[in-house]
Engineer: 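Pasting a structure here, questions to come.
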Amino acid sequence: MYRDRMCGDLRAEDAGKTATLAGWVNRRRDHGSLIFIDLRDRSGITQVVFNPQLNEAAHAAAEDLRAEWVIQISGEVVKRREGAENPELPTGDIELVATSLTVLNPSLTPPFEVRDDIDVDYATRLEYRYLDLRRPRMYSRLALRHKVVKLMRDYLDEKGFLEIETPILTRSTPEGARDYLVPSRIHPGQFYALPQSPQQLKQLLMVSGVDRYFQIARCFRDEDLRADRQPEHTQLDLEMSFVEQEDVLNLIEDLYIYVTERALPDVEIEKPFPRLTYAEALERFATDKPDLRFGLEMATLTEIVRDSGFGVFKTVADSGGVIRGFSAPGCAGYARKEVDEITSIVTSAGAHGLITIAISKDASSIRNISPENVRSVIKSHVELDTVRKICTATGAAPGDMVMMIAGPEGVVNTALSILRNHLGRRLDLIDTNQVSYLFVVDFPLFEWDEDESKWAAMHHVFSSPRPGDEEKIDSDPGAVIGQLYDLVCNGIELGSGSIRITNRQLQERVFELIGHSRADVAERFGHLLRAFEYGAPPHGGAGLGVDRLMMALTGDDGIGDVIAFPKTQQAVDPLFDAPAPVEPDQLEELHIAIVQRPSE
RNA sequence: GGCCCCGUGGUGUAGCGGCCUAACACACCUCCCUGUCAAGGAGGAGAUCGGCAGUUCGAAUCUGCUCGGGGUCGCCA
């Protein structure tokens, strides 16, 4: 037995007992004769004392110890002498007086120190990920993730869900993200695809009568990476039979409350989860994934300013664009430099510029503002009354600054949403102790793809229209509302789900609208459509990102730290140095030849 | 594929045309030290400044290309 206690366990009441600990040397403090070692394992740190007068051999051995050596120590737990307690450590009231030391494994000098309060180059961290993960901050993320996933399993088990594995080697499907492909050795020239999600498989499980399915499923997408995207991510995939949208939403809400309250007992959750329609979310927050931990709600000003006399407004409004904005509280005093900084945020998001109106805090009220109270480029072009209307619409008060953007609706919303999030942080409006879930519902089923001049599924092709909207598929596709929902947390889109189409004819109309030929559909989706003809129960579910949930719960800006072994933005694993070339023999077996493109 | 930021001893930074024979902190090595806990003190070793090419009398510093990391747009049903 290497140990009988963990390094984070020992307390004052253990004083007098003997204990054997094993772990890593976190730090060595050598006083010449007295040597202190902070011994670390995943549970915490215990201070070990080597006193030459008490045990000369152990002390002599301790002189060689260095950071990250793996050692085993036996000794007596003693209460620290008065004044020598360390209130920073849970074990700070005691120390282990070493009677024996065994070096289990020495360590090279690590490339970076194993501690939380240092910032190391990301590539170096990934190359030495095993050292990076020794940092308490990183370990706590692994532990929290384990807990969250276990809570999900516990809850769903309790509710009668079956966890079922689905194939990783499956078939490429059209649309969606680029697939990761796996060549077949047995079938020359043919490929498996790694699943982007187990979507069709779980629907087949519903046809199979499984009734309630879930899976902590790995999903693969060969697309460019972002802070919140990895080539492979994990989703909580679930599906239920004989349910309506309301049933699914209620289950998800209950599940996420269950998980969050148990994983993070100290955070506040708004219950029940607010629900916004897609249209309402865009109208109020300029995005379909608003962070509801703060306000800063939008106002549409197009009609107020269209004929106000400011040329830009007129031009944009008459060409079908919009003018929207919001009030940034207490920002009237922003200097030119700060406004420029904010402007560059919206211009890099595609907007032409930012129009601001600062209302001096000297104004007694919006009703009584005078020209001296207003600072804005549009001041000389518009009536004071227009300024009043803008302030009323955006809810601006004296001391605030209205920020407006004019342009095509999509660009305006993107820029305003980025700006809103920026100001939420900048003005410190976010209560980080709050976890704010929200459902966005009533998404349109289809969106017009400008590039390809065709209709495309907003979510995926299996989502069902709202009852009564089926007729519009042919007459007015853009107006079809789907039984489609997103779960959003702290401004992060966790995932989405829908009630599925279970009627073959309806499914074929959808395929037709988005431009799949009959032959193509038969080839690619024939298995699913055939299944639907053998008694498919009404069903629906969702796929919800686990990495992103962890990112929301930890407050991280990216998903890299909640994944044990993530990849870089170039989809490289610096630890394994993957991807990598393979032996010619392997390629030969797979019937693959590497072709050099002329340009390369 | 586009745009933006970053790249200086092991780690994190400073230096931004000559003062650089490159500075500082931590880590590392040697020595001193019995109550430290980011221990302290004295000393030491360690980087031709990501790479290549150019501009210049002179480049860590300017330019171009390239490699690597990050952010973002496109993309991500």
Side-chain angles (χ1 to χ4, degrees), chain A residues 26-40 45-54 59 63 66-68 78 80-89 91-92 95 97 108-128 131-132 173-179 196-197 199-200 219-231 233 344-345 347-350 410-411 414-415 418 443 445-447 449-451 455-463 482 484 493 496 498 510-511 514 516 543 545 557-558 560 567-570 572 574:
Chain A
N26 193 58
R27 198 160 292 277
R28 184 181 70 125
R29 289 179 296 280
D30 186 345
H31 285 231
S33 44
L34 268 192
I35 294 175
F36 297 97
I37 295 288
D38 288 341
L39 191 65
R40 181 191 70 239
I45 282 175
T46 293
Q47 172 167 284
V48 181
V49 192
F50 293 89
N51 187 330
Q53 291 180 341
L54 298 178
H59 177 269
E63 298 208 309
R66 293 295 182 273
E68 303 312 313
V78 302
R80 292 199 192 183
R81 59 173 63 175
E82 184 105 12
E85 302 91 349
N86 184 350
E88 304 286 313
L89 288 179
T91 60
E95 60 198 1
V97 178
L108 297 174
T109 301
F112 52 86
E113 296 172 65
V114 176
R115 52 195 275 190
D116 284 338
D117 56 343
I118 56 166
D119 205 11
V120 182
D121 176 67
Y122 192 58
T124 308
R125 288 177 56 200
L126 291 190
E127 189 181 345
Y128 295 93
L131 297 178
D132 192 34
T173 53
E175 298 217 324
R178 202 174 291 116
D179 287 314
Q196 294 178 28
S197 84
Q199 184 60 36
Q200 294 185 54
C219 304
F220 304 86
R221 293 175 185 181
D222 188 4
E223 295 291 349
D224 287 351
L225 276 59
R226 288 288 187 283
D228 60 354
R229 280 194 232 156
Q230 281 273 311
H233 76 279
S344 75
I345 290 168
T347 53
S348 68
V411 171
T414 302
I418 291 171
F443 278 82
L445 207 48
F446 307 104
E447 59 188 341
D449 183 337
E450 288 288 347
D451 295 338
W455 289 98
M458 183 119 172
H459 175 45
H460 64 54
V461 291
F462 309 112
S463 296
L484 239 180
E493 181 189 325
S496 54
S498 64
V510 169
F511 280 131
I514 62 178
H516 285 325
D557 289 330
K567 292 177 180 59
T568 68
Q569 196 168 67
Q570 297 306 308
V572 163

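Below, chain A is the first sequence line, B the second, and so on; all start at residue 1.
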Engineer: Rounded to the nearest Å, what distance is computed from the CD atom of residue A:Glu85 to the P atom of nucleotide B:U36?
Structural biologist: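 Going from CD in A:Glu85 over to P in B:U36 covers 12 Å.
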
Engineer: Once you round it to whole Å, what is the distance between C1' of B:C32 and CD of A:Glu63?
Structural biologist: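 Going from CD in A:Glu63 over to C1' in B:C32 covers 12 Å.
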
Engineer: Using modelled atom types and a 3.5 Å cut-off, is there a donor and acceptor pairing between side-chain atoms of A:Glu85 and backbone atoms of A:Gly83?
Structural biologist: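 Present.
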
Engineer: Given atom CG of A:Leu126 and atom P of B:G69, what is their separation to the nearest angstrom?
Structural biologist: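 That distance rounds to 10 Å.
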
Engineer: Any side-chain N or O of A:Arg226 under 4.0 Å from OP1/OP2 of B:C73?
Structural biologist: yes

Engineer: Roughly how many Å is it from CD1 in A:Ile35 to P in B:C37, rounded to a whole number?
Structural biologist: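 From A:Ile35 CD1 to B:C37 P: 16 Å.
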
Engineer: Under 4.0 Å between any heavy atoms, over every strand shown, what does A:Glu447 touch: base, sugar-phosphate, or nothing? Just pick one.
Structural biologist: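 Result for A:Glu447 = nothing.
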
Engineer: Hey, could you give me the CZ/OG distance between A:Phe443 and A:Ser496, rounded to the nearest 0.5 Å?
Structural biologist: 7.5 Å

Engineer: When the P atoms of B:C73 and B:A47 are considered, how many whole Å apart are they?
Structural biologist: 42 Å

Engineer: Round to a whole Å and report the spacing from CD1 of A:Ile418 to C1' of B:C4.
Structural biologist: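 To the nearest whole Å, that distance equals 14 Å.
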
Engineer: Considering Watson-Crick and G-U wobble pairs with both distances under 3.5 Å, what does B:G43 pair with?
Structural biologist: B:C29

Engineer: Of the options B:G1, B:C37, B:U34, whose atoms approach the side-chain atoms of A:Asp224 most closely?
Structural biologist: B:G1

Engineer: Check whether any side-chain N or O of A:Arg28 sits under 3.5 Å from a backbone N or O of A:Glu63 as a donor-acceptor pair, and report yes or no.
Structural biologist: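 Flag set: sc A:Arg28 to bb A:Glu63 pair under 3.5 Å.
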
Engineer: Return the pairing partner of B:C76 with a 3.5 Å limit on both distances, Watson-Crick or G-U wobble; otherwise return none.
Structural biologist: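 The base-pairing partner of B:C76, which may sit in any strand shown, does not exist here.
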
Engineer: Give one of base, sugar-phosphate or nothing for A:Ser463, where a contact means two heavy atoms less than 4.0 Å apart.
Structural biologist: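 No contact.
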
Engineer: Check whether any side-chain nitrogen or oxygen of A:Gln569 sits under 4.0 Å from OP1 or OP2 of B:G71, and answer yes or no.
Structural biologist: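 For B:G71, OP1 or OP2 has a side-chain N or O of A:Gln569 closer than 4.0 Å.
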
Engineer: Determine which nucleotide pairs with B:A59, using a 3.5 Å limit on both distances of a Watson-Crick or G-U wobble pair.
Structural biologist: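 B:A59 is unpaired by these criteria.
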
Engineer: Please determine, for the side chain of A:Val572, which listed nucleotide (B:G74, B:C29, B:G69) has the closest atom?
Structural biologist: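 For the A:Val572 side chain, the nearest candidate turns out to be B:G69.
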
Engineer: Counting only Watson-Crick or G-U wobble pairs whose two distances fall under 3.5 Å, which nucleotide matches B:C49?
Structural biologist: none

Engineer: Between B:C28 and B:G71, how many Å separate the two P atoms, rounded to a whole number?
Structural biologist: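 So the two P atoms sit 31 Å from each other.
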
Engineer: Ignoring the backbone of A:Thr568, work out which of B:U72, B:U30, B:G69 is nearest its side chain.
Structural biologist: B:G69

Engineer: Could you check how far CD1 of A:Ile37 sits from P of B:G35, rounded to whole Å?
Structural biologist: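 Atom-to-atom, A:Ile37 to B:G35, this comes out as 17 Å.
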
Engineer: Which part of the nucleic acid, if any, lies within reach of A:Glu95 when heavy atoms closer than 4.0 Å are counted: base, sugar-phosphate only, or nothing?
Structural biologist: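 Since a base atom lies under 4.0 Å of A:Glu95, the category is base.
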
Engineer: Below 4.0 angstrom, N of the basic side chain to O of the carboxylate: do A:Glu113 and A:Arg115 qualify?
Structural biologist: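 A salt bridge links A:Glu113 with A:Arg115.
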
Engineer: Thinking salt bridges, do A:Arg27 and A:Asp38 make one under a 4.0 Å N-O criterion?
Structural biologist: no

Engineer: I need the CZ-C1' distance between A:Arg229 and B:C75, as an integer number of Å.
Structural biologist: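 In whole Å, B:C75 C1' and A:Arg229 CZ are 7 Å from each other.
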
Engineer: Tell me the partner of B:U21, counting only Watson-Crick (N1-N3 plus N6-O4 or O6-N4) or G-U wobble (N1-O2 and O6-N3) with both under 3.5 Å; none if nothing fits.
Structural biologist: none

Engineer: Quick check against the 3.5 Å criterion: does A:Glu68 have a side-chain atom that pairs as donor or acceptor with the backbone of A:Leu108?
Structural biologist: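 Side chain of A:Glu68 to backbone of A:Leu108, a donor-acceptor pair under 3.5 Å: no, none is there.
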
Engineer: Let me know the distance between CZ of A:Arg178 and P of B:G1, rounded to the nearest Å.
Structural biologist: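 Taking CZ of A:Arg178 and P of B:G1, I get 11 Å after rounding.
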
Engineer: Could one point to a donor on the side chain of A:Arg221 or the base of B:C75 with an acceptor on the other under 3.5 Å away?
Structural biologist: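 Answer is no: no donor-acceptor pair is held.
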
Engineer: Describe the nucleic acid contact of A:Phe36 in one word from base, sugar-phosphate, nothing, applying a heavy-atom distance below 4.0 Å.
Structural biologist: base

Engineer: Just to be sure I understand the rule, does A:Ala84 reach a base, reach only the sugar-phosphate, or reach nothing, if contact means heavy atoms closer than 4.0 Å?
Structural biologist: base

Engineer: Using Watson-Crick or G-U wobble geometry with both distances below 3.5 Å, tell me the partner of B:C3, or none.
Structural biologist: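 Here B:C3 is engaged in a pair, and the nucleotide opposite it is B:G71.
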
Engineer: Any protein N or O atoms within reach of nucleotides 9-11 of chain B? Criterion: under 3.5 Å, listing atom names and distances.
Structural biologist:
from, atom 1, to, atom 2, distance (Å)
B:G10, O2', A:Pro111, O, 2.7
B:U11, O4', A:Pro111, O, 3.2

Engineer: Got a list of protein N/O to nucleotides 38-42 of chain B N/O distances below 3.5 Å?
Structural biologist:
from, atom 1, to, atom 2, distance (Å)
B:A38, N3, A:Arg115, NH2, 3.1
B:A39, OP1, A:Arg27, NH1, 3.2
B:A39, OP2, A:Arg27, NE, 3.4
B:A39, OP2, A:Arg29, NH1, 3.3
B:A39, N6, A:Asp30, O, 2.7

